[in-house]
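Taking it in order: structure first as structure tokens, then the write-up.
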Amino acid sequence: MAAWGERLAGVRGVLLDISGVLYDGGEGGGAPIAGSVEALARLKRSQLKVRFCTNESQKSRGDLVGMLRRLGFDISEGEVTAPAPATCLILKERGLRPHLLIHDGVRSEFDQIDTSNPNCVVIADAGEGFSYQNMNKAFQVLMELENPVLLSLGKGRYYKETSGLMLDVGPYMKALEYACGIEAEVVGKPSPEFFKSALREMGLEAHQAIMIGDDIMGDVSGAQRCGMRALQVRTGKFSPKCRA
């Protein structure tokens, strides 16, 4: 117990991943991970600041929060740092007009974005939308640009649903990188700027927060590179083989 006290000394806030930590997605909205509703309630009753840091890119922030509340979680939209709103800010700041290779569930986040005459590509976890036709169209848009820009909402390899492991956006992002000879700009974990934006919302410095996630690369290593402490839970995509 003393060791844990030393490890957590100075912690004033907790960043929580959502998928694989609070719930596993799937048919009917998925299911809470055992004990997660109660654990979050205890955190909310503590003196710690709590924020949710997710790479979810198949649901809008509003839809995600609505689903989690129906599952029993105490969460509000303003507590969630997600890549789609962050990407929209980047697009507006840089005058970028995206070709969107995204899931229909998150398309509403881009309603105020000009998508005419694209000068970049935004890729997210498009699920069934990752057809040859759609991937090839994104490839063609990038190849026609003098200075191609590829923005990716995360770079995860896979995640866990109630039906099993599912490919994430990372493999498709890598395919476009390879085909076009470019490097994607990642908006979301493990990007340091993404973690920093969540910390700014909490009003904390990196050394004052701890990240809890199921992804050893995106959650744990990403947070540590940002100066935070991090814990990996043995739920979601966790595997003792550490291939995540």
Side-chain angles (χ1 to χ4, degrees), residues 17-19 53-64 77 80-159 166-201 215 217-219 221-222 225-226:
D17 184 25
I18 293 178
S19 177
C53 192
T54 178
N55 272 5
E56 171 63 58
S57 62
Q58 284 199 357
K59 300 180 182 68
S60 68
R61 208 165 31 166
D63 288 345
L64 175 64
E77 190 170 340
V80 178
T81 298
T87 301
C88 288
L89 288 176
I90 291 171
L91 295 171
K92 291 176 180 178
E93 289 171 356
R94 294 166 57 179
L96 294 173
R97 302 178 304 277
H99 170 78
L100 297 172
L101 178 50
I102 62 177
H103 195 279
D104 285 344
V106 78
R107 198 167 292 275
S108 62
E109 296 274 19
F110 296 86
D111 282 348
Q112 303 304 312
I113 299 296
D114 181 7
T115 57
S116 62
N117 190 26
N119 58 3
C120 72
V121 167
V122 169
I123 185 173
D125 180 11
E128 297 296 328
F130 281 133
S131 65
Y132 173 80
Q133 180 180 6
N134 290 341
M135 284 288 290
N136 197 54
K137 177 59 179 176
F139 162 75
Q140 290 173 334
V141 170
L142 290 167
M143 291 298 284
E144 290 171 1
L145 296 173
E146 183 177 353
N147 297 301
V149 175
L150 174 61
L151 298 175
S152 182
L153 277 62
K155 59 184 295 186
R157 298 176 182 176
Y158 58 89
Y159 56 92
M166 313 291 286
L167 277 176
D168 204 344
V169 64
Y172 301 95
M173 177 198 82
K174 286 294 185 182
L176 289 176
E177 284 185 329
Y178 177 70
C180 300
I182 61 174
E183 184 175 346
E185 299 177 35
V186 177
V187 184
K189 299 174 291 185
S191 165
E193 287 305 316
F194 192 65
F195 284 113
K196 289 176 184 177
S197 68
L199 289 168
R200 283 195 296 269
E201 293 291 340
D215 187 325
M217 298 301 293
D219 296 327
S221 180
R225 287 199 300 271
C226 190

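- A distance-only check finds no donor-acceptor pair linking the side chain of S191 to the backbone of V187 [under 3.5 Å].
- Here the closest non-hydrogen pair linking P83 and T54 is CD-O, 3.1 Å.
- Side-chain polar atoms of Y159 and D125 form a donor-acceptor pair below 3.5 angstrom.
- Considering I113, I123, V121 as possible partners of P98, the one that fulfils the side chain to side chain contact (heavy atoms under 4.5 Å, CB included) test is I113.
- The line from CD of Q140 to NE2 of H99 is 9.0 Å long, rounded to the nearest 0.5 Å.
- Summarising the geometry, atom CG belonging to L91 is positioned 6.0 Å from atom CG belonging to L151; distances are rounded to the nearest 0.5 Å.
- Distance alone, capped at 3.5 Å, places no donor-acceptor pair between the R61 side chain and the A82 backbone.
- Residues G222 and P190 come closest through the heavy atom pair CA-CB, 3.8 Å.
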Pair F194-V186, side chain to side chain contact (heavy atoms under 4.5 Å, CB included): steps then yes or no: CA-CA 9 Å; F194 192 65; V186 177; over 6 Å; no
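- Scanning all heavy atoms of the two residues, the minimum distance from L145 to C120 falls at CD1-N, 3.8 Å.
- Side-chain N or O atoms of K189 include one that pairs as donor or acceptor with a backbone N or O of C53 at under 3.5 Å.
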Candidate pair V122 and L153, rule side chain to side chain contact (heavy atoms under 4.5 Å, CB included), full reasoning: CA-CA 8 Å; V122 169; L153 277 62; 3.6 Å; yes
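- Smallest separation of non-hydrogen atoms from F195 and G218: CZ-O, 3.5 Å.
- With hydrogens and angles disregarded, a donor-acceptor distance shorter than 3.5 Å links the side chain of D114 to the backbone of S116.
- Between M143 and C180 the shortest side-chain heavy-atom distance falls below 4.5 Å.
- A distance of 8.0 Å separates OH of Y158 from CG of D215, quoted to the nearest 0.5 Å.
- Side chain of E109 to backbone of P85: no donor-acceptor contact under 3.5 angstrom is found.
- Annotation: the span from T81 atom OG1 to E56 atom CD amounts to 14.0 Å, rounded to 0.5 Å.
- Taking every heavy atom of both residues into account, I102 and R107 meet most closely at O-NH2, 3.4 Å.
- Between L101 and A138 the shortest heavy-atom distance is CD2-CB, 4.1 Å.
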Side chain to side chain contact (heavy atoms under 4.5 Å, CB included) assessment of Q133 paired with K137: CA-CA 6 Å; Q133 180 180 6; K137 177 59 179 176; 5.8 Å; no
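- The CD atom of Q58 sits 8.5 Å away from atom CG of D168, with the distance rounded to the nearest 0.5 Å.
- Taken to the nearest 0.5 Å, the CG atom of L142 stands 10.5 Å off from the CD atom of E177.
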Check against side chain to side chain contact (heavy atoms under 4.5 Å, CB included), F110 and T115: CA-CA 9 Å; F110 296 86; T115 57; 5.8 Å; no
